[in-house]
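Just below is one structure, and these are the notes that go with it.
This one's a predicted model, so the numbers in the text were calculated from it and none came from an experiment. All chains are named by letter (A, B, ...) in the order of the sequence lines, taking the proteins before the strands, and each is independently numbered beginning at 1. In what follows, every heavy atom counts, from backbone to side chain, and hydrogens, waters and symmetry copies are set aside.
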Protein chains: 2
Amino acid sequence: MKNITNTRGYMIGEMSRKTGVNIETIRYYERIAIMPKPDRTEGGNRQYNVEQLKRLFFIRRSRELGFSIAEIRALLEMVDQNDFSCSEVHDLTVVHLASVKEKVASLKKLEKALSTMIAQCNRGDVPNCPIVDTLFEMA
Amino acid sequence: MKNITNTRGYMIGEMSRKTGVNIETIRYYERIAIMPKPDRTEGGNRQYNVEQLKRLFFIRRSRELGFSIAEIRALLEMVDQNDFSCSEVHDLTVVHLASVKEKVASLKKLEKALSTMIAQCNRGDVPNCPIVDTLFEMA
DNA sequence: CTTGCATCTGTAGTAGCTACAGATCGTATA
DNA sequence: TATACGATCTGTAGCTACTACAGATGCAAG
């Protein structure tokens with residue numbers, strides 16, 4: 001039960017608590033190499049530093065914003081360059097925004113279609129269920 | 001090169017062409033048992049009937065409407081009953097609609113956040129990239 | 001020194017397909 | 001009838017982004 005940031009660094013559990021990223025997920029990020037291999041204690045436990053903590057925050061925030069791991073990998077590569085190009089980051093974000101908009105649009109279509117189906121159905125008082133009829137359509 | 005509906009039934013390729021469902025996906029649906037095991041030719045090729053074709057249309061349409069396989073399984077169980085209850089179908093659809101709405105809402109939030117980030121970035125003319133700054137936030 | 005939580009590795013599972021490889025089927029044509 | 005060639009077969013592995021174990025250790029407090 002220690003939240004102490006000791007001099008040796010953060011243990012994986014602390015990293016998890018601070019960022020909200022699951023421990024298993026942190027190890028997964030290491031395996032797919034978007035997080036670096038951290039130092040180890042003599043016993044073999046991971047010891048993270050502040051850099052790595054920031055990186056994990058970056059990843060979590062990016063995931064929250066819907067970036068895929070592949071996109072995050074690209075973002076991190078950009079950021080890892082000393083003199084990274086803001087316009088590359090900008091462009092990647094614009095592309096991502098476009099895909100989010102597309103998803104919204106297609107979900108809105110679903111929403112409309114489902115609403116219509118539901119509206120046509122008065123729950124069993126009709127001989128044929130209009131929802132089921134719609135689902136059987138060979139459109 | 002035949003589109004002939006022969007008396008024996010539809011081959012898997014015909015099913016695929018008619019419904020737009022990938023051949024491998026049709027076999028997958030059989031494996032997870034939302035499509036029945038069809039008859040076979042002497043040689044072992046699948047032979048589907050009209051019932052099964054309709055069922056596949058139903059599945060595809062439901063997928064298009066965003067229903068999960070689990071939900072589709074439930075829908076099919078309802079529909080498979082001779083005297084199925086329209087209100088069960090109704091309720092499942094309402095629940096699904098709610099989840100679609102939630103997804104729309106959360107994607108809209110993303111959209112807004114991403115738009116704001118992009119608006120703040122004038123592509124490299126700022127010392128620190130506002131997008132990257134946002135991503136590093138430890139919120 | 002023991003207790004007991006934290007962490008370790010490695011593997012397998014999730015959804016919903018998709019993509020092979022290597023073998024056989026089925027049929028149109030020579 | 002023989003053959004060629006596309007369609008289909010089975011079985012397995014891959015994809016995304018994790019999550020969930022099992023069984024073995026590490027580590028720190030009492």
Are the side chain of [X] and the backbone of [Y] linked by a donor-acceptor contact shorter than 3.5 Å?
X        : Y        : value
B:Thr19  : B:Met15  : yes
B:Ser115 : B:Glu111 : yes
A:Arg63  : A:Phe67  : yes

Exercise. Which residue lies toward the 5' end of DNA chain C, B:Gly43 or B:Ile69, if each is placed at its nearest nucleotide?
Worked result: B:Ile69
Exercise. Starting at the 5' end of DNA chain C and moving along, which residue's nearest nucleotide shows up first, B:Ser68 or B:Arg27?
Worked result: B:Ser68
Exercise. Are B:Val95 and A:Met117 co-members of a hydrophobic cluster defined by side-chain heavy atoms under 4.5 Å apart?
Worked result: no
Exercise. Residues from residues 97-106 of chain A sitting under 4.0 Å of DNA chain C, heavy atoms only?
Worked result: none
Rounded to whole angstrom units, what separation is found between the [atom1] atom of [X] and the [atom2] atom of [N]?
X       : N      : atom1 : atom2 : result
B:Tyr28 : D:dG11 : OH    : C1'   : 16 Å
A:Met11 : C:dT7  : CE    : C1'   : 9 Å
B:Lys37 : D:dT10 : NZ    : P     : 9 Å
B:Asn45 : C:dA23 : CG    : C1'   : 13 Å
A:Arg73 : D:dA17 : CZ    : P     : 10 Å
B:Met35 : C:dG16 : CE    : P     : 17 Å
B:Glu14 : D:dT8  : CD    : C1'   : 13 Å
A:Glu24 : C:dG13 : CD    : P     : 16 Å

Problem set entry | Closest contact, heavy atoms only, B:Arg55 versus B:Ile34 | NE-O, 2.8 Å
For this session: Considering non-hydrogen atoms only, spot the tightest contact between A:Phe84 and A:Met78 and give its length.
Result: CB-O, 2.6 Å
Of all the nucleotides listed ([options]), which has the minimum atom distance to the side chain of [X]?
X       : options                : result
A:Arg40 : C:dT9, D:dA17, D:dT8   : C:dT9
A:Asn22 : C:dC17, D:dT8, D:dT19  : D:dT19
A:Arg31 : D:dT19, C:dC8, C:dC25  : D:dT19
A:Thr25 : C:dC17, D:dC18, C:dG26 : D:dC18
B:Arg63 : C:dC17, D:dT8, D:dA17  : C:dC17

Exercise. Does any non-hydrogen side-chain atom of A:Phe57 lie less than 4.5 Å from one of B:Leu135?
Worked result: no
For this session: Give a yes/no on whether any side-chain N or O of A:Tyr29 is located under 4.0 angstrom from OP1 or OP2 of D:dA17.
Result: no
Classify the nucleic acid contact of [X] as base, sugar-phosphate or nothing, counting any heavy atom under 4.0 Å across all strands shown.
X       : answer
A:Phe67 : nothing
B:Ile23 : sugar-phosphate
A:Arg46 : sugar-phosphate

Exercise. Between A:Arg61 and A:Glu64, is the closest basic N to carboxylate O distance under 4.0 Å?
Worked result: yes
Problem set entry | B:Gly44 or A:Glu42, whichever maps to the more 5' nucleotide of DNA chain D | B:Gly44
